[in-house]
Amino acid sequence: MRPLNKRVFTAGKAEYKPYGSAKHDLMLAIGGYCSYCERHSYSCGIDVEHIRHKSLYIKRIYLWSNFLLACKNCNAVKGVNAVSGMFFPTVSNTFRIFTYYGDGRVEVNSAALAGAADLERARALIRLVGLDRRPGHPAYSLKDKRWSDRRAIWALAERYLTPLRAGAIDAQVIVDLAALSGGWSIWMTVFNGEEAVLARLVGDFPGTRTRCFPPGAPTRPARGRTAPAREPRRRLTPATG
């Protein structure tokens, strides 16, 4: 899940009435992707999403600080559920806490977490939007294409990995494909170790929290197709209610 920073956007508006009018600026600020499953807006349809639900936090209905973008699936599953006691993309490095796989799975990356409490915070974020729903999950619906979309994006990314390494294409081609398909975390995972690509994915996708990816620091423990390699544990900052 891509860590996000809306503060780099300088529209200068704290409120949007009606709140739906914030959609254009949100897409400029963080890209036209679901803030949770990362799918592109053209494939899933996205709306202005209230981090803290509008029916429970009336005073925050029109506040820019309370907005993200969400697809129909993520928005419906999240519903009125609270975001307290979990990691969250506007607060935490939510890329490091999850592992993506070629079969569409998303799992908690326990190697990146400091202990049981952080593990539960990561799991709570997955539950918040049902990011792990796929065939076999008790709450899976045939209308939910998130897992199959991830699988398709992974296949697309892998198709271009060999040509990149052979020098037949450059990093710009990969970034263009990622921008068109969505699934930022999948492209970051498949191209792990390709520093030119990773730098462009971090820098070119609007609203990525770049401080989560300092120059020279490892971007990811391992590719999702295998068990993630263990790296030094680092405490992440949870969202607070």
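What you see below is based on every heavy atom in this structure, not just the backbone, and it leaves out hydrogens, waters and symmetry mates.
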A.B. asks: For residues Cys34 and Ala70, report the shortest heavy-atom separation together with the two atoms involved.
C.D. replies: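 Nearest pair, atom of Cys34 first, then Ala70: SG-CA, 3.8 Å.
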A.B. asks: So which heavy atom on Gly193 is nearest to which on Leu198, and how close?
C.D. replies: N-CD1, 3.8 Å
A.B. asks: Answer with yes or no whether the hydrophobic clustering places Val77 together with Val48; edges join I, L, V, M, F, W, Y residues whose side-chain heavy atoms lie under 4.5 Å apart.
C.D. replies: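 Looking at the clustering, Val48 is in a separate group from Val77.
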A.B. asks: Indicate the atoms forming the closest heavy-atom contact of Val197 with Ala171, along with that distance.
C.D. replies: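 Taking every non-hydrogen atom into account, CG2-CB, 3.9 Å.
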A.B. asks: Between atom CD1 of Ile169 and atom OG1 of Thr162, what is the distance when rounded to the nearest 0.5 Å?
C.D. replies: 9.5 Å
A.B. asks: Passes side-chain contact (heavy atoms from CB on, under 4.5 Å), Phe87 versus Val91? Steps please.
C.D. replies: CA-CA 7 Å; Phe87 296 118; Val91 179; over 6 Å; no
A.B. asks: Does Tyr33 reach the main-chain N or O of Leu69 with its side chain, forming a donor-acceptor pair under 3.5 Å?
C.D. replies: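 Not a single qualifying donor-acceptor pair exists.
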A.B. asks: Heavy-atom distance under 4.5 Å between the side chains of Thr189 and Phe191, does that happen here?
C.D. replies: no
A.B. asks: Identify, with sequence neighbours excluded, every residue that meets side chain to side chain contact (heavy atoms under 4.5 Å, CB included) alongside Val108.
C.D. replies: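 Partners of Val108 under the side chain to side chain contact (heavy atoms under 4.5 Å, CB included) test: Phe98, Leu113, Leu119, Ala122, Arg123, Ile126.
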A.B. asks: Is the count of non-hydrogen atoms from other residues, nucleotides or ligands lying under 6.0 Å from Tyr160 atom OH greater than 12?
C.D. replies: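 Atom OH in Tyr160 is not packed in, count stays at 12 or less.
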A.B. asks: Leu161, Leu177: one ILVMFWY side-chain cluster at the under-4.5 Å cut-off?
C.D. replies: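 Result: yes, single cluster for both.
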A.B. asks: With distance as the sole test, does Lys54 use its side chain to make a donor-acceptor pair with the main-chain N or O of Ile51 at under 3.5 Å?
C.D. replies: no
A.B. asks: Mind checking whether Tyr62 and Ile58 sit in one hydrophobic cluster, side chains of I, L, V, M, F, W, Y counted as touching below 4.5 Å?
C.D. replies: yes
A.B. asks: Answer whether the closest heavy-atom distance between the side chains of Phe95 and Asn109 falls below 4.5 Å.
C.D. replies: no
A.B. asks: Let me check something: any side-chain donor-acceptor pairs from residues 19-27 under 3.5 Å, sequence neighbours excluded? List them with distances.
C.D. replies:
from  : atom 1 : to    : atom 2 : distance (Å)
Ser21 : OG     : Pro18 : O      : 2.6
Lys23 : NZ     : Ile46 : O      : 2.7
Asp25 : OD2    : Tyr16 : OH     : 2.6

A.B. asks: When you compare the side chain of Lys6 with that of Ile30, does any pair of heavy atoms fall below 4.5 Å?
C.D. replies: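 Result yes, sub-4.5 Å side-chain heavy-atom pair found.
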A.B. asks: Quick one: does His50's side chain have a donor or acceptor within less than 3.5 Å of a partner on Asn66's backbone?
C.D. replies: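 Between the backbone of Asn66 and the side chain of His50 there is no qualifying donor-acceptor contact (under 3.5 Å).
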A.B. asks: Quick one, His53 with Lys78, criterion side-chain contact (heavy atoms from CB on, under 4.5 Å). Give me CA distance, side-chain angles, the key distance, then yes/no.
C.D. replies: CA-CA 9 Å; His53 200 272; Lys78 180 174 176 287; 5.7 Å; no
A.B. asks: How long is the gap from CE on Met86 to CD on Glu120, to the nearest 0.5 Å?
C.D. replies: 9.0 Å
A.B. asks: Where do Ser181 and Ile153 come nearest, in terms of heavy atoms and distance?
C.D. replies: O-CD1, 3.5 Å
A.B. asks: Nearest 0.5 Å, please: how far is CG in Asn75 from OG in Ser35?
C.D. replies: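 Here the rounded value is 10.0 Å.
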A.B. asks: Among Arg146, Arg39, Glu49, exactly one meets side chain to side chain contact (heavy atoms under 4.5 Å, CB included) together with Cys74. Which residue is that?
C.D. replies: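 So, applying the side chain to side chain contact (heavy atoms under 4.5 Å, CB included) to Cys74 and each of Arg146, Arg39, Glu49, only Arg146 qualifies.
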A.B. asks: Check for me, please, whether Phe205 and Leu180 land in the same ILVMFWY cluster - side-chain distances under 4.5 Å, paths through other members count.
C.D. replies: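 Result: no, two separate clusters.
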A.B. asks: To the nearest 0.5 Å, how far apart are OG1 in Thr90 and CZ in Arg209?
C.D. replies: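 These two atoms lie 6.5 Å from each other.
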A.B. asks: Is Asp204 salt-bridged to Arg200, cutoff N-O under 4.0 Å?
C.D. replies: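 Salt bridge present between Asp204 and Arg200.
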A.B. asks: Taking only Lys NZ, Arg NE, NH1 and NH2, and the carboxylate oxygens of Asp or Glu, determine whether Asp118 and Arg121 approach each other closer than 4.0 Å.
C.D. replies: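 Between Arg121 and Asp118 there is a salt bridge, with a charged N closer than 4.0 Å to a carboxylate O.
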A.B. asks: Judged by modelled atom types alone, do Asn81 and Arg127 share a side-chain donor-acceptor pair under 3.5 Å?
C.D. replies: no
A.B. asks: Consider only side-chain heavy atoms of I, L, V, M, F, W and Y, link residues closer than 4.5 Å, and tell whether Val173 and Met188 are in one cluster.
C.D. replies: yes
A.B. asks: For residues 129-138, please give each side-chain donor-acceptor pair under 3.5 Å, one per line with the distance, not counting sequence neighbours.
C.D. replies:
from   : atom 1 : to     : atom 2 : distance (Å)
His137 : ND1    : Ala139 : N      : 3.0

A.B. asks: For Leu125, is there any backbone N or O sitting under 3.5 Å from a side-chain donor or acceptor partner on Tyr36?
C.D. replies: no
A.B. asks: Please report the closest heavy-atom contact between Leu128 and Ala82, naming both atoms and the distance.
C.D. replies: CD1-O, 3.8 Å
A.B. asks: Tell me, with the steps shown, if Ile97 and Ser92 meet side-chain contact (heavy atoms from CB on, under 4.5 Å).
C.D. replies: CA-CA 9 Å; Ile97 65 175; Ser92 318; 5.9 Å; no
A.B. asks: With rounding to the nearest 0.5 Å, note down the distance linking SG in Cys37 to CZ in Arg2.
C.D. replies: 12.0 Å
A.B. asks: Are Phe213 and Trp184 near enough that their ring centres are under 6.0 Å apart?
C.D. replies: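 Distance test on ring centres: under 6.0 Å, yes.
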A.B. asks: Would you please classify the geometry between the Phe67 ring and the Trp64 ring as parallel, tilted or perpendicular, with 30° and 60° separating the classes?
C.D. replies: perpendicular
A.B. asks: Is any NZ, NE, NH1 or NH2 atom of the basic residue among Arg150 and Glu38 found under 4.0 Å from an Asp or Glu carboxylate oxygen of the other?
C.D. replies: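 No, no charged N to carboxylate O under 4.0 Å.
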A.B. asks: Can you tell me how far CG of Asn5 sits from OG1 of Thr208, rounded to the nearest 0.5 angstrom?
C.D. replies: 9.5 Å
A.B. asks: Using modelled atom types only, decide if a donor and an acceptor are shared between the side chain of Ser185 and the backbone of Met1 within a distance under 3.5 Å.
C.D. replies: yes
